[in-house]
Enquirer: 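This is the structure I want to talk about, given as structure tokens.
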Amino acid sequence: MENPLKEEELKDHITISYKPFAKYEYSAGQAISKYLEGLKEGKIIGRKCNKCGRVYVPPKMYCEDCFRPTDEWVEVKDEGIVETAVASFISWTREKIEEPEIVGTIRLFPSKENDYVFPGVFHRICCSYEEVKNMSIIGKRVKAVWKSQRKGDVNDIECFKVI
Amino acid sequence: MRKVGVIGAGLTLFRRRMLETPQELAYIAASRALDEAGLELKDIDCVVIGSAPDAFDGVHMKGEYLAKAGGEKKMVSRVYVGGATGVMTAISAWYHVASGLCEKVLAIAEEKMSPARPHPQSVFKYIWDPITEKPLNPNLIWIFAMEMHRYMAKYGIRKEEIALVSVKNKRNAMNNPYAQLPGNITVDDVLKSEVLVWPVQLLDVSPTSDGAAAMVVATEDVVRRYTDTPVWIEGVGWTLDNTSWPGRELAYPRYLENAARMAYKMAKIERPYKEIDVVEPYDPFDYKELHHLEGLMIAKKGEAPTLLKEGVFDIDGDIPSSPSGGLLGVGNPIAAAGLMKTISIYWQLKGIAGKMQVKKPVHTGVAQAWGDLMQASTVIVMRN
């Protein structure tokens, strides 16, 4: 009953193209606005819950675990440990790209190796494909490389680089 | 709570670029499920619809759109927890009956991923945080690759060991008449396939698919009237973690352990690795099946690859895993894929899985799905 089509057979049927037209203007909110302002100054800002001690980076106005407001703004180090890293050979539309984009997550300090949750960021990592492939980058200590012209955007950090 | 059973199920072929519209796919699966149950649409009280993002089909409010497949003039609800939706559809059908609200419920899950241009990947861009993540131009495979590499790094697992999941599932799919990508492949084929986002390669990933699945769920009285080989839903669990995945240990799926504990408690399962006979863990990527077997507590942390190598999860092993062929072999029309896994367990427990039927006798089966941004998990336990 069902009829799967080959790419060329699609032409035998009427198909319609449609491009949605939708634009958004987001409000960053209290926590992320402060975070973005921090980035502009070359700082990574978090928010701490004094009940459980958890530091949220990016910051949150309430602690999800304690379900109460977080208490204070804290500046964390722009240094940490690479938890994981990958090398992408495709764009977000799945086009092939020649030079891989390298991204991963970084557990920022202060934090300890066995923490299940920690202040953490998702960002680019400046290293070679080889270091991703042989996994030597995972576990390395890295530091943010800041752009000289900053505008309050996650891209104010160029990437995280091994120190 | 009332006892709840399954009396019928239906699938469409899982394929890329179906001629049929989403509504037609949903209708085909629903008709097949009603036929297997021996019911007509007029006998159904409530309809539950599951579909992942609206954006795949290019319409808004897909629940209302798909209600044409049998929900008109009936109580209809839609569930959506990303990739975890398929099993959530069955769970939602269960609580409609368990609560005493409905006698007979039709659960339908559909996804048509082919129409998205330039690629369904583009649709996933809108699940990332618009301010802290999207400016890095991520694609969805990035998070899986990050999780896979973390899992490999933490437990010292090699790609060769993970590729065995793809080999097993595509081989199992040879027995599945609905499957899109069955095949006898080798670990070498996986390791030589196109690198997408290292460590993820083309044969580590499930394909783009269109398809639908449907299941009929009913009260104990109805089940006993319609079948001599009942299959009961005895445990369900679902939980949602936060979206702060960069600030979490990615090597272990906490979101799943929480959901599994809830389902096992309800089904009175104390030792999952001893009491579960057959399992369909969610496998949109090969490492994900291993990750989920650990989250389901069928294997200890970091030990699923060893058990896989020993043949424990083979179709003739101690705990056959993805005997249907899973998403890697059958295909991945997201919500439909999760319900397909639930249906696969139902067919195994009823003994009508045909060439997919596992070798050993089975009494307790588990299906599981996972979705959103490393967040949601849904688990269902069934017994015959």
Enquirer: Taking all non-hydrogen atoms of both residues, which atom of Met146(B) and which atom of Gly104(A) are closest, and how far apart?
Expert: SD-CA, 3.7 Å
Enquirer: Is it the backbone or the side chain of Leu5(A) that comes under 4.5 Å from a heavy atom of chain B, or both, or neither?
Expert: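 Backbone plus side chain of Leu5(A), per the 4.5 Å heavy-atom cut-off to chain B.
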Enquirer: Could you tell me which portion of Leu196(B) (side chain, backbone, both or neither) has an atom closer than 4.5 angstrom to a non-hydrogen atom of chain A?
Expert: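 Both backbone and side chain.
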Enquirer: Assess whether a salt bridge exists between Arg32(B) and Glu2(A), defined as any Lys/Arg side-chain N lying under 4.0 Å from an Asp/Glu carboxylate O.
Expert: yes
Enquirer: Counting heavy-atom pairs under 4.5 Å to chain B, which of Lys133(A), Arg107(A), His13(A) comes out on top?
Expert: Lys133(A)
Enquirer: At a 4.5 Å cut-off on heavy atoms, which part of Phe118(A) comes close to chain B: side chain, backbone, both, or neither?
Expert: both
Enquirer: Assess whether atom NZ of Lys40(A) is packed by more than 12 heavy atoms of other residues, nucleotides or ligands within 6.0 Å.
Expert: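 Count not over threshold, so no.
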Enquirer: side-chain contact (heavy atoms from CB on, under 4.5 Å) between Leu140(B) and Trp92(A): does it pass, once the steps are laid out?
Expert: CA-CA 8 Å; Leu140(B) 192 70; Trp92(A) 69 276; over 6 Å; no
Enquirer: Would the number of heavy atoms belonging to other residues, nucleotides or ligands and lying under 6.0 Å from CD of Gln30(A) be above 12?
Expert: no
Enquirer: Quick check on the interface: out of Tyr129(A), Tyr24(A), Tyr18(A), who has the most heavy-atom pairs with chain B under 4.5 Å?
Expert: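 That would be Tyr129(A).
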Enquirer: Is Leu10(A) close to chain B through its backbone or its side chain, or both, or neither, when contacts mean heavy atoms under 4.5 Å?
Expert: side chain
Enquirer: Who among Ser122(B), Ala116(B), Gly58(B) has the most heavy-atom pairs with chain A under 4.5 Å?
Expert: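 So the answer, after comparing Ser122(B), Ala116(B), Gly58(B), is Ser122(B).
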Enquirer: Less than 4.5 Å to any heavy atom of chain A: does that hold for the side chain of Ser114(B), its backbone, both, or neither?
Expert: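 Neither part, no heavy atoms under 4.5 Å.
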Enquirer: Near Tyr27(B) OH, under 6.0 Å, is it more than 12 heavy atoms from other residues, nucleotides or ligands?
Expert: no
Enquirer: Counting only heavy atoms closer than 4.5 Å, note whether Arg117(B) contacts chain A via side chain, backbone, both or neither.
Expert: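 For Arg117(B), side-chain heavy atoms alone lie under 4.5 Å from chain A.
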Enquirer: Determine the minimum heavy-atom distance between Ala85(A) and His149(B), stating which atoms define it.
Expert: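 Heavy atoms only, the tightest pair is O-ND1, 2.7 Å.
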Enquirer: If you count heavy atoms of other groups shown closer than 6.0 angstrom to CD of Glu72(A), is the number above 12?
Expert: yes
Enquirer: In Å and rounded to the nearest 0.5 Å, what is the CD1 to CG distance from Ile90(A) to Leu202(B)?
Expert: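 It comes to 9.5 Å.
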Enquirer: So, are Glu83(A) and Arg150(B) salt-bridged, with charged N and O less than 4.0 Å apart?
Expert: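 Looking at Glu83(A) and Arg150(B), the cut-off is met.
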Enquirer: Measure Glu64(A) against the heavy atoms of chain B and call it side chain, backbone, both or neither at under 4.5 Å.
Expert: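 For Glu64(A), the side chain is the part near chain B, not the backbone.
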Enquirer: With a 4.5 angstrom heavy-atom cut-off, is it the side chain or the backbone of Lys19(A) that approaches chain B, or both, or neither?
Expert: neither
Enquirer: Using a 4.5 angstrom heavy-atom cutoff, name the option from Met148(B), Glu194(B), Lys154(B) with the most pairs to chain A.
Expert: Glu194(B)
Enquirer: Against chain A, work out which of Pro120(B), Pro199(B), Ala251(B), Ala145(B) has the most heavy-atom pairs shorter than 4.5 Å and name it.
Expert: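 With the most close heavy-atom pairs to chain A, the winner is Ala145(B).
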Enquirer: Side chains of Trp142(B) and Ser88(A): do they bring a donor and an acceptor to under 3.5 Å?
Expert: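 Yes.
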Enquirer: Is the side chain of Thr105(A) donor-acceptor paired with the backbone N or O of Pro246(B) at a distance under 3.5 Å, no angle test?
Expert: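 Between the backbone of Pro246(B) and the side chain of Thr105(A) there is no qualifying donor-acceptor contact (under 3.5 Å).
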Enquirer: State yes or no: are the ring centers of Phe122(A) and Trp245(B) separated by less than 6.0 Å?
Expert: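 Between Phe122(A) and Trp245(B), the centre distance is under 6.0 Å.
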Enquirer: Take a 6.0 Å sphere around OH of Tyr26(A) and say whether it holds more than 12 heavy atoms from other residues, nucleotides or ligands.
Expert: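 Counting other residues, nucleotides and ligands, OH of Tyr26(A) exceeds 12 neighbours.
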Enquirer: If you count every heavy atom of other residues, nucleotides or ligands that lies below 6.0 Å from Glu8(A) atom CD, does the total exceed 12?
Expert: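 Enclosed: over 12 neighbouring heavy atoms sit under 6.0 Å from CD of Glu8(A).
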Enquirer: Which heavy atom in Ile131(B) sits nearest to a heavy atom in Ser27(A), and how many Å separate them?
Expert: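 Distance-wise, the nearest heavy atoms are CD1-O, 4.2 Å.
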Enquirer: Which atoms of Ser33(A) are under 4.5 Å from chain B, going by heavy atoms: the side chain, the backbone, both sets, or neither?
Expert: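 Contact with chain B involves no heavy atom of Ser33(A) at all.
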Enquirer: Side chain from CB out, backbone as N, CA, C, O: work out which of these in Ser91(A) comes under 4.5 Å of a heavy atom of chain B, or both, or neither.
Expert: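 Contact with chain B is through the backbone of Ser91(A) alone.
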Enquirer: More than 12 heavy atoms of other residues, nucleotides or ligands under 6.0 Å from NZ of Lys161(A): is that the case?
Expert: no
Enquirer: What part of Ile143(B) gets within 4.5 angstrom of chain A, counting heavy atoms only: side chain, backbone, both, or neither?
Expert: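 Neither part; nothing is under 4.5 Å.
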Enquirer: In terms of heavy-atom pairs under 4.5 Å, which option from Leu36(A), Val86(A), Val154(A) contacts chain B the most?
Expert: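 Top count of heavy-atom pairs under 4.5 Å with chain B: Val86(A).
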Enquirer: Verify side-chain contact (heavy atoms from CB on, under 4.5 Å) between Glu20(B) and Asn3(A), making sure each step is shown before the conclusion.
Expert: CA-CA 7 Å; Glu20(B) 281 73 19; Asn3(A) 303 282; 2.7 Å; yes
Enquirer: For each of Leu136(B), Leu25(B), Leu250(B), tally heavy-atom pairs with chain A at distances under 4.5 Å, and name the one with the top tally.
Expert: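 Ranked by heavy-atom pairs under 4.5 Å with chain A, first place is Leu136(B).
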Enquirer: In terms of heavy-atom proximity below 4.5 Å to chain B, should Tyr56(A) be classed as side chain, backbone, both, or neither?
Expert: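 Answer is neither: Tyr56(A) stays 4.5 Å or more from chain B.
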Enquirer: Under 4.5 Å heavy-atom distance to chain B, tell me which part of Ile32(A) shows up: side chain, backbone, both or neither.
Expert: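 Interface part for Ile32(A): side chain.
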Enquirer: What I'd like to find out is whether the side chain of Pro135(B) reaches to under 4.5 Å of the side chain of Asp153(A), using heavy atoms alone.
Expert: yes
Enquirer: Which region of Val117(A), side chain (C-beta onward) or backbone (N, CA, C, O), has a non-hydrogen atom less than 4.5 Å from a non-hydrogen atom of chain B, or is it both or neither?
Expert: both
Enquirer: Among the options Tyr252(B), Trp198(B), Phe124(B), pick out the one with the most heavy-atom pairs lying under 4.5 Å from chain A.
Expert: Trp198(B)
Enquirer: Which one of Gln121(B), Met152(B), Gln180(B), Met18(B) has the most heavy-atom pairs closer than 4.5 Å to chain A?
Expert: Met18(B)
Enquirer: Using non-hydrogen atoms and a 4.5 Å limit, figure out which bit of Glu101(A) sits close to chain B: side chain, backbone, both or neither.
Expert: side chain
Enquirer: What part of Asn155(A) gets closer than 4.5 Å to chain B, counting heavy atoms only: side chain, backbone, both or neither?
Expert: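 Just the side chain, heavy atoms under 4.5 Å.
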Enquirer: Answer with yes or no whether the side chains of Lys125(B) and Thr93(A) bring together a donor and an acceptor at under 3.5 Å.
Expert: no
Enquirer: Would you compute the distance between atom NZ of Lys6(A) and atom CZ of Arg16(B) and round it to the nearest 0.5 angstrom?
Expert: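 Here the rounded value is 14.0 Å.
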